[in-house]
Amino acid sequence: MSSSNPSRPSMGGRLLSTFLNRPINDHGSGWSSLWDSGESDLWDRGKASPALVDIVEQETQLLNPFTVEGHRKKAFVPGCGRGYDVVMLALHGFDAYGLEISGTAVKEAESYASKELKKPSEYHFGSKSNQARSPGSVTFLKGDFFSSNWNFKGDVDQYTKFDVAYDYTFLCALHPEQRKNWAASMARVLKPGGLLLCLEFPLYKDPKLPGPPWGLKGVHWNLLSEGGDGIITNDVGDDGKEAHSIRSDGNFCRVLYVRPERSYNAGKGTDMLSIYERKTD
Ligand SMILES: C[S@@+](CC[C@H](N)C(=O)[O-])C[C@H]1O[C@@H](n2cnc3c(N)ncnc32)[C@H](O)[C@@H]1O
């Protein structure tokens, strides 16, 4: 999002002012109105995440798009925006699903996907050998991640469990009071053993400053591993853990935590890529 770009302060201001005095349960309409007024450039990065491309291509066992029985795994991106990462995951073999609260975003994502699936841009791939893979399906749906009444076409409804979920700038777009709900919803939609991939951004921003984007240093660890509320008041180390943290009450275990070699300019050198595994209930 644009708070990382000091040359465009008025854009960051526009994002902040949209949500400043808006009741939290009305934030969804704030996002929809930004989409409807053509202001998605406030956060849109214009391509699939290089960090996600690299991890999917490197972690071929962990992120194998096929089950041992040979079925395609289902990957889910809530708050998917224009759907860059949904399309990228499909191009790497997953059946990929994107959920958006904005109907305009869904239309734009569908039009983007239909072009990219016919003639994929090079940014979807780190290495040419991955371009030969047969793509999975792409499906977008308008719906609120926090409600329980969204239904993708076919056999995927709110009770369907996904194998993989991905978050980039969805959590940081939410008011801090919605974070616990985000973690509970991620736990609800993933299978036991399912993987939640997070490109953590922004980690450089003071968590006490207003958003979106809201500073997230230590937030993923607290929500997912410790089972906290994601409201961080203590200093946290560079690995995201609070000093002397011993709690592990969350629904997830962190299985990977790396600084990606490639990321978007906005988070280069500070973004972290984490993979959390959904525990068995
Ligand atoms: C900062 S944007 C990030 C979009 C996308 N992940 C990307 O990287 O371009 C946050 C997105 O979340 C969507 N969103 C906000 N609240 C939502 C909700 N409750 N359910 C589904 N989508 C939501 C917004 O419409 C917006 O497109």
Side-chain angles (χ1 to χ4, degrees), residues 49 51-80 85-86 88-99 130 133-139 141 143 145-146 148 150-152 154-168 170-171 179-200 216 219-228 230 239-241 245-258 260 272-281:
S49 164
L52 182 64
V53 170
D54 290 346
I55 206 76
V56 168
E57 294 189 1
Q58 285 157 15
E59 293 290 335
T60 51
Q61 295 287 334
L62 197 59
L63 295 170
N64 186 334
F66 291 96
T67 65
V68 283
E69 296 85 17
H71 301 303
R72 280 188 202 275
K73 292 185 186 168
K74 291 181 170 61
F76 183 42
V77 185
C80 65
D85 299 310
V86 180
M88 193 284 282
L89 288 164
L91 289 169
H92 284 77
F94 292 92
D95 281 338
Y97 298 83
L99 186 72
N130 284 292
R133 209 185 270 280
S134 79
S137 61
V138 170
T139 315
L141 181 75
F145 185 47
F146 301 117
S148 56
W150 43 265
N151 285 288
F152 285 96
D155 60 350
V156 180
D157 61 18
Q158 69 270 32
Y159 304 109
T160 298
K161 303 285 185 188
F162 292 92
D163 302 279
V164 170
Y166 176 63
D167 186 290
Y168 176 66
F170 178 42
L171 177 59
R179 288 178 184 162
K180 207 167 164 53
N181 202 357
W182 170 91
S185 301
M186 286 295 190
R188 177 172 55 84
V189 300
L190 279 164
K191 291 178 178 168
L195 300 175
L196 171 56
L197 281 64
C198 301
L199 180 57
E200 301 186 6
L216 292 186
V219 170
H220 294 82
W221 174 264
N222 176 257
L223 284 170
L224 300 170
S225 181
E226 296 183 319
D239 64 353
K241 301 178 188 180
S245 159
I246 49 162
R247 289 170 52 200
S248 60
D249 300 337
N251 288 317
F252 293 85
C253 301
R254 195 166 71 186
V255 294
L256 189 135
Y257 192 56
V258 291
M272 294 296 289
L273 192 292
S274 53
I275 302 185
Y276 284 86
E277 183 180 315
R278 173 73 169 98
K279 290 182 191 167
T280 307
D281 284 323

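Along the sequence shown, residues carry numbers from 1.
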Quiz item: Can you check side-chain contact (heavy atoms from CB on, under 4.5 Å) on V138 and L89, steps first, answer last?
Solution: CA-CA 9 Å; V138 170; L89 288 164; over 6 Å; no
Quiz prompt | Contact summary for L224 and A183, nearest pair of heavy atoms | solution = CD2-CB, 4.1 Å
Practice problem: Please name all residues satisfying side-chain hydrogen bond (donor to acceptor under 3.5 Å, both in side chains) with T60, sequence neighbours left out, ordered by chain then number. | Solution: none
Quiz item: Where is the tightest heavy-atom contact between G250 and K279, given as atom of each residue plus distance?
Solution: O-NZ, 2.8 Å
Exercise. Determine, step by step, whether S248 and E226 satisfy the side-chain hydrogen bond (donor to acceptor under 3.5 Å, both in side chains) criterion, reporting the C-alpha distance in whole Å, the side-chain angles of both residues, the deciding distance to 0.1 Å, and the verdict.
Key: CA-CA 4 Å; S248 60; E226 296 183 319; over 6 Å; no
Quiz item: Is there side-chain contact between L52 and L197, with heavy atoms separated by less than 4.5 Å?
Solution: yes
Self-check item: For S225, side chain to side chain contact (heavy atoms under 4.5 Å, CB included) partners two or more places apart
Solution: W221, Y276
Quiz item: Do Y97 and V77 pass the side-chain contact (heavy atoms from CB on, under 4.5 Å) test, and can you show the C-alpha distance, the side-chain angles, and the key distance before you say yes or no?
Solution: CA-CA 6 Å; Y97 298 83; V77 185; over 6 Å; no
Quiz item: Passes side-chain contact (heavy atoms from CB on, under 4.5 Å), K161 versus L190? Steps please.
Solution: CA-CA 5 Å; K161 303 285 185 188; L190 279 164; over 6 Å; no
Quiz item: Counting distance only, does the side-chain N/O of K73 pair as donor-acceptor with the main-chain N or O of G93 below 3.5 Å?
Solution: no
Self-check item: Under 3.5 Å: donor-acceptor pair, side chain of K180, backbone of G230
Solution: no
Quiz prompt | Contacts of type salt bridge (charged side-chain N to carboxylate O under 4.0 Å, His left out), residue R278, not counting sequence neighbours | solution = D281
Quiz prompt | Results of side-chain hydrogen bond (donor to acceptor under 3.5 Å, both in side chains) for T280 - residues two or more places apart only | solution = none
Quiz prompt | Residue list, side chain to side chain contact (heavy atoms under 4.5 Å, CB included) with V53, at least two apart or on another chain | solution = E57, M88, R262
Quiz item: Would you say the side-chain atoms of S49 and D85 include a donor-acceptor pair closer than 3.5 Å?
Solution: no
Self-check item: D95 side chain to K74 backbone, donor-acceptor under 3.5 Å
Solution: no
Quiz item: Are L199 and Y166 close enough that some pair of their side-chain heavy atoms sits under 4.5 Å apart?
Solution: yes
Exercise. Sequence neighbours left out, what passes side-chain hydrogen bond (donor to acceptor under 3.5 Å, both in side chains) with D167? Give chain and number order.
Key: W182
Exercise. Return the set of residues passing side-chain hydrogen bond (donor to acceptor under 3.5 Å, both in side chains) with R72 (not counting sequence neighbours), or none when no residue passes.
Key: S134
Quiz item: Mind checking what makes ring pair (Phe, Tyr, Trp, His ring centres under 6.0 Å) contact with Y257, not counting sequence neighbours?
Solution: none
Practice problem: Indicate the atoms forming the closest heavy-atom contact of P260 with A51, along with that distance. | Solution: CB-CB, 3.6 Å
Quiz item: Mind checking what makes salt bridge (charged side-chain N to carboxylate O under 4.0 Å, His left out) contact with K191, not counting sequence neighbours?
Solution: D163
Exercise. Kindly compute the distance separating CG (L216) from CE (M272), expressed to the nearest 0.5 Å.
Key: 13.5 Å
Quiz item: Got a second to check how far L256's CG is from C198's SG, nearest 0.5 Å?
Solution: 11.5 Å
Quiz prompt | Residues forming a side chain to side chain contact (heavy atoms under 4.5 Å, CB included) with P78, sequence neighbours excluded | solution = F76, F145, F170, M186
Quiz item: Does the side-chain contact (heavy atoms from CB on, under 4.5 Å) test come out yes or no for L171 and H220, once each step is laid out?
Solution: CA-CA 9 Å; L171 177 59; H220 294 82; 3.6 Å; yes
Quiz prompt | Minimal non-hydrogen separation, L195 against L62, with atom names | solution = CD1-O, 3.5 Å
Exercise. Grab the two heavy atoms, one from V56 and one from L63, that are nearest each other, plus how far apart they are.
Key: CA-CD1, 3.9 Å
Exercise. Kindly compute the distance separating CZ (R179) from CG (N222), expressed to the nearest 0.5 Å.
Key: 9.5 Å
Quiz item: Between R254 and D239, is any pair of side-chain heavy atoms under 4.5 Å apart?
Solution: yes
Self-check item: Pairing residues for Q61 by the side chain to side chain contact (heavy atoms under 4.5 Å, CB included) criterion, not counting sequence neighbours
Solution: none
Self-check item: Distance-minimising heavy-atom pair for S185 and F146
Solution: OG-CD2, 3.7 Å
